[in-house]
Amino acid sequence: MANIEFFTGENIPLEMHKVRIVQKLNLPPVEYRKDAMEKAGFNTFMLQNKDVFMDMLTDSGVNAMSDRQQAAMMVADDSYAGSETFTRLQNKVTEIFGMEYFLPAHQGRACENILAEAYVNEGSVIPMNFHFTTPKAHITRLGGRVEELVIEEGLKINSDHPFKGNFDTDRLRKLIEEVGPNNIPFIRLEAGTNLIGGQPFSLENAREVCAIAKEFKIMTVLDASLLQDNLYFIKTREESCKNKSIREITKELSDLMDIIYFSARKLGFARGGGICIRSEEDLKKMRELIPLFEGFLTYGGMSVREMEAIVVGLDETMDMDVISQGPKFIQYMSDELQKHGVPVVTPAGGLGCHINAGEFVSHIPQEEYPAGALAAAIYIAGGIRGMERGTLSEQRNPDGSEQLSEMELVRLAMPRRVFTLSQVKYAIDRIVWLYNNRDLIGGLRFVDEPKTLRFFIGKLEATSDWPEKLAKKFREDFPESL
Ligand code: F0G
């Protein structure tokens with residue numbers, strides 16, 4: 001997204017693409033939305049997409065593809081073994097990340113499973129800037145432990161730190177000395193740190209982390225699923241990188257790593273995933289797990305069409321115009337919401353706009369899931385589907401008590417190149433309306449609570465008749481509008 005100034009002085013992000021295939025959307029009236037939310041057990045995962053106007057649940061597997069990606073999908077070479085498509089993907093990955101070997105997998109968590117199976121044992125400690133749900137689950141499943149070492153600023157909802165995803169390198173060094181380098185199979189660096197609001201790390205910080213790893217002979221693993229946003233922030237926020245191309249920054253970062261894995265549902269605007277490996281020794285540790293868990297070495301559970309789309313998608317990720325769209329839209333949305341007093345995570349990160357539910361509905365106790373309630377209310381107010389990222393997404397403690405989350409956030413993901421600015425403006429408008437009526441929002445309680453990953457399929461109910469009152473107020477304020 002080039003820097004294009006408007007004569008009138010208006011400061012808005014300008015799309016550097018045009019839309020050539022569209023999908024019709026449906027916006028049901030508020031009364032219907034209230035009923036649909038109730039039927040979905042106040043869980044946005046359980047809504048039917050036909051009832052959703054703006055699907056901001058995630059950026060995973062729902063990014064818009066380019067014409068060149070669609071065209072490439074038509075010439076895929078379909079074969080179980082030795083597919084030319086796979087060779088093209090392997091060559092592209094080697095060109096961009098500079099690593100010789102590549103193992104395909106069906107998505108990001110599949111790479112995490114392979115990595116954990118190959119390197120994690122009972123008692124292993126894996127330092128990372130911050131955990132993500134799926135790698136943590138695979139590490140703990142095998143008796144390993146995660147240590148979160150993000151800098152203090154990373155856990156502050158509001159900060160002006162440009163790289164809130166940075167590692168605290170002092171704590172990293174201390175941890176290594178405490179547990180011993182032999183108990184640390186690898187250090188995991190997560191680009192665009194998901195659970196703290198899509199916050200980036202700097203190239204300089206990655207350099208420091210990898211220098212420490214080298215000193216203690218510990219392997220470095222980059223989760224590059226959200227790399228494209230992180231690249232954008234390195235280029236725009238890190239002084240020493242202003243004049244470097246995205247390709248150069250990617251290569252400099254990759255050169256620091258032993259292994260890079262990614263979900264191609266995010267990186268590369270397609271579906272699938274894979275592990276890039278520098279050494280033959282590491283390749284051999286993981287190679288035979290691919291046919292066991294994923295599929296033969298030349299597809300790893302992916303369709304050849306998706307692999308062709310990734311080849312083009314990775315190339316397009318090296319284009320600043322392409323990767324700017326997400327962060328610029330997120331920045332716009334966060335800024336506009338803030339102008340109206342709505343509390344959001346700052347600075348704006350990648351992935352999506354993160355609303356601070358802890359402050360938005362501060363009258364709701366954490367035990368009544370304020371972020372879950374706000375996500376439900378946002379759907380009722382505008383047909384907009386976001387994702388709860390708070391206590392509801394935590395697992396209960398072994399004694400059955402709630403594990404209260406450090407942050408109560410609602411994530412409104414910005415799938416890349418999917419929404420127009422007027423749709424984003426609509427979302428802002430409905431959230432501002434909701435903020436002005438926030439006293440009407442009440443809490444939630446479980447009626448059906450699964451033991452693991454309860455946020456996916458759990459069913460809840462409102463603790464009072466607040467959804468009716470909210471829908472009624474909407475109808476009073478917008479007598480003629482959907
Ligand atoms: N790593 C990061 C940083 C992720 O954000 C995700 C997925 C994964 C790994 C796992 O990849 O879904 O392909 O298995 N994040 C999605 C989200 C689910 O909505 O944030 P996957």
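Counting starts at 1 for both ligands and their atoms, in listed order. Any value given below was found using the heavy atoms of this structure, including those in side chains, with hydrogens, waters and symmetry copies removed.
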Problem set entry | All side-chain hydrogen bond (donor to acceptor under 3.5 Å, both in side chains) counterparts of Thr133, not counting sequence neighbours | none
Exercise. Do any N/O atoms on Arg411 end up under 3.5 angstrom from N/O atoms on ligand 1?
Worked result: yes
Exercise. Going by atom types only, do Thr391 and Glu408 share a side-chain donor-acceptor pair under 3.5 Å?
Worked result: yes
Problem set entry | Proximal candidate to atom 18 (C) of ligand 1 [heavy atom criterion; set Arg109, Gln107, Met387] | Arg109
Exercise. Is a side-chain donor-acceptor pair under 3.5 Å present for Asn91 with Glu95?
Worked result: no
For this session: Starting at CE of Met414, measure out to SG of Cys353 and round the result to the nearest 0.5 Å.
Result: 7.0 Å
Exercise. Quick check: does Lys266 get an N/O under 3.5 Å from an N/O on ligand 1?
Worked result: yes
Exercise. Can Ser66 and Glu316 be counted as having a side-chain donor-acceptor contact under 3.5 angstrom?
Worked result: yes
For this session: May I ask you to decide whether Glu153 forms a salt bridge with Lys156, counting only side-chain N to carboxylate O separations under 4.0 Å?
Result: yes
For this session: Ignoring angles and geometry beyond distance, decide whether Tyr261 reaches within less than 3.5 Å of ligand 1 through its nitrogen or oxygen atoms.
Result: no
For this session: Would you please indicate if the ring centroids of Phe97 and Phe102 are separated by under 6.0 Å?
Result: no
Problem set entry | atom 3 (C) of ligand 1: nearest protein contact (heavy atom, Å) | Asp223 OD2, 3.4 Å
Seminar exercise, completed: protein heavy-atom neighbour closest to atom 13 (O) of ligand 1 works out as Ser263 OG, 2.6 Å
For this session: Please state which part of Arg265 comes within less than 4.0 Å of ligand 1, counting heavy atoms only: side chain, backbone, both or neither.
Result: side chain
Problem set entry | Closest to atom 5 (O) of ligand 1 (judged by heavy-atom distance), picking from Thr193, Asn113, Asn194 | Asn194
Exercise. Closest non-hydrogen protein atom to atom 9 (C) of ligand 1, residue and atom name please, with distance?
Worked result: Glu112 OE2, 3.2 Å
Exercise. Are a donor atom and an acceptor atom from the side chains of Tyr101 and Asp282 found within less than 3.5 Å of each other?
Worked result: no
Exercise. Under 4.0 Å from any heavy atom of Thr58, which atoms of ligand 1 are there?
Worked result: 17 (C), 19 (O)
Exercise. Which heavy atom of the protein is the closest neighbour of atom 6 (C) of ligand 1, given with residue, atom name and distance?
Worked result: Phe132 CE2, 3.3 Å
Exercise. Should the pair Arg389 and Phe455 be classed as cation-pi, given the thresholds of under 6.0 Å to the six-membered ring centre and 45° from the axis?
Worked result: yes
Exercise. Is there any N or O on Pro135 that sits under 3.5 Å from an N or O of ligand 1?
Worked result: no
Exercise. Has ligand 1 got any nitrogen or oxygen that is less than 3.5 angstrom from a nitrogen or oxygen of Thr134?
Worked result: no
Exercise. What atoms of ligand 1 come closer than 4.0 angstrom to any heavy atom of Glu190?
Worked result: 3 (C)
